[in-house]
Amino acid sequence: MGGVDCPREGLKEKRERALAILEALKRAYPGAKTELRHNSPFQLLVATVLSAQATDKSVNEATPALFARFPDAKALAEATPEAVEPYIRRIGLYRTKARNLVALARRLLEAHGGEVPRDKEALMELPGVGWKTATVVLGAAFGVPGIAVDTHVARLAKRLCLSRAKTPEGIGAELERLFPEEDQVFVHHALVLHGRYLCTARRPRCPACPLAPHCPSRQEG
DNA sequence: ATCCCGAGGG
DNA sequence: CCCTCTGGAT
């Protein structure tokens with residue numbers, strides 16, 4: 001169960017397979033980018049924090065009203081967590097997230113003039129922002145190369161035998177060695193979409209999968 | 001390792 | 001019912 005028997009494969013061989021996967025991803029998910037609704041780096045940061053252990057769908061249903069009421073860091077910094085909670089209750093983990101978002105907005109004002117910093121260490125000092133969220137925001141908002149590893153990317157990296165690392169940071173570092181810098185942000189979003197809609201956690205749809213020729217874990221229908 | 005947490009899928 | 005969803009903090 002879950003045990004994927006990966007082929008013995010040299011680095012050169014694995015790199016060639018990674019490039020074949022990249023080409024298939026480009027054909028299947030051209031121009032893949034985040035599906036989180038946002039109109040600014042600030043809104044993308046908030047939406048990404050909200051997306052932790054939640055579906056993008058639930059986040060996108062909540063953010064229009066949230067951003068109408070709290071459009072920027074200043075508005076959110078002046079709020080209380082209790083005032084934010086009703087807007088995000090249906091997302092789950094809502095008390096922690098409401099508290100983090102208000103504290104995050106206040107810190108953005110105090111330390112960064114209300115703007116989203118373009119620096120990973122600075123981002124990770126914000127409440128509710130860890131390595132994954134920081135990497136996603138840098139890539140999606142500012143085009144900084146990097147492969148953020150969430151639940152989908154971790155699952156696919158394992159199934160595709162692209163990494164055996166156990167931590168998200170370790171998997172990300174290995175993936176970044178396999179894919180060209182200029183493609184890394186795309187690879188992240190394409191793998192997320194692929195994991196969300198086809199290579200799902202429970203019942204992956206291998207017969208319909210464009211990556212199947214390059215996937216050691218593929219199963220028959 | 002555990003907690004936070006609602007909602008949808010199977 | 002159980003599992004999963006673009007995790008992070010303790």
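First the proteins, then the strands, lettered A, B, ... as listed; each starts at 1. Values below: every heavy atom of this structure, side chains too, minus hydrogens, waters and symmetry copies.
Between the side chain of A:Arg203 and the base of C:dC3, no donor-acceptor pair under 3.5 Å is found.
Across all strands shown, A:Ala201 has heavy atoms under 4.0 Å from sugar-phosphate atoms exclusively, and none from any base. Residue-level contact check: A:Ser58 touches neither bases nor backbone, having no heavy atom under 4.0 Å from any strand. At the heavy-atom level, A:Arg202 lies under 4.0 Å from base atoms of the strands shown. Nucleic acid contact class of A:Leu191 (heavy atoms, under 4.0 Å, all strands): none. Contacts of A:Val129 with the nucleic acid, taken as non-hydrogen atoms under 4.0 Å apart, involve only primed sugar atoms and P, OP1 or OP2.
Ion pairing between A:Arg95 and A:Glu85 fails under the 4.0 Å rule for side-chain N and carboxylate O. For the pair A:Lys74 and A:Glu78, the salt-bridge criterion is met [side-chain N within less than 4.0 Å of a carboxylate O]. Salt-bridge formation is not detected for the pair A:Lys57/A:Glu35: no Lys NZ or Arg NE/NH1/NH2 atom is positioned less than 4.0 Å from an Asp or Glu carboxylate oxygen.
For CD of A:Glu9, the number of neighbouring non-hydrogen atoms (other residues, nucleotides, ligands) closer than 6.0 Å is greater than 12.
C:dG8 atom C1' lies 13 Å from atom CG of A:Leu104, rounded to whole Å. When the P atom of C:dC5 is taken as reference, atom CD1 of A:Ile88 falls 21 Å away, rounded to whole Å. The separation between A:Glu35 atom CD and C:dC5 atom C1' is 14 Å, rounded to whole Å. Whole-Å rounding puts the A:Ile91 CD1 to C:dT4 C1' distance at 16 Å. The distance from atom CZ of A:Arg155 to atom P of C:dG7 is 10 Å, rounded to the nearest whole Å. With rounding to whole Å, A:Lys57 atom NZ is found 15 Å from C:dT4 atom C1'.
Within residues 93-102 of chain A, the residues that place at least one heavy atom under 4.0 Å from DNA chain B are, in residue-number order, A:Leu93, A:Tyr94, A:Arg95, A:Thr96. Contacts of residues 163-180 of chain A with DNA chain C (heavy atom under 4.0 Å): none.
With DNA chain C read from its 5' end, the first of the two nearest nucleotides for A:Gly128 and A:Lys33 is the one closest to A:Lys33. Comparing A:Pro127 and A:Leu36 along DNA chain C, the residue whose closest nucleotide (by nearest heavy atom) sits nearer the 5' end is A:Leu36.
With both ends at atom P, the span from C:dT10 to B:dC5 equals 14 Å, rounded to whole Å.
Applying the ring-ring contact (aromatic ring centres under 6.0 Å, His included) test to residues at least two apart or on different chains, none of the pairs has a partner in residues 44-66 of chain A.
Comparing C:dG8, C:dT4, C:dC5 by their nearest atom to the side chain of A:Thr133 picks out C:dG8.
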Ring pair (Phe, Tyr, Trp, His ring centres under 6.0 Å) assessment of A:Phe70 paired with A:Tyr87: CA-CA 10 Å; A:Phe70 309 107; A:Tyr87 294 88; 5.7 Å; yes
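For C:dT4, the OP1/OP2 oxygens have no side-chain nitrogen or oxygen of A:Arg196 closer than 4.0 Å.
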Mind listing the side-chain donor-acceptor pairs of residues 129-146 of chain A below 3.5 Å, one per line with the distance, residues two or more places apart or on another chain?
| unit_1 | atom_1 | unit_2 | atom_2 | d |
| --- | --- | --- | --- | --- |
| A:Thr135 | OG1 | A:Lys120 | NZ | 3.1 |
| A:Thr135 | OG1 | A:Trp131 | O | 2.7 |

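Cluster membership for A:Val46 and A:Met124, using ILVMFWY side-chain heavy atoms within less than 4.5 angstrom, is not shared. In this structure, A:Leu123 is a member of the same hydrophobic cluster as A:Leu50, with clusters built from ILVMFWY side-chain heavy atoms closer than 4.5 Å. Hydrophobic clustering (side-chain heavy atoms under 4.5 Å, transitive across Ile, Leu, Val, Met, Phe, Trp, Tyr) keeps A:Phe67 apart from A:Leu109.
Under the rule for a side chain to side chain contact (heavy atoms under 4.5 Å, CB included), the partners of A:Val102 that lie at least two apart in sequence or sit in another chain are A:Pro81, A:Val84, A:Arg106.
The outermost nucleotides of DNA chain B lying under 4.0 Å from heavy atoms of chain A, listed 5' to 3', are B:dC4 to B:dG10.
Across every non-hydrogen atom of A:Arg205 and A:Tyr197, the tightest pair is NH1-O, 3.6 Å.
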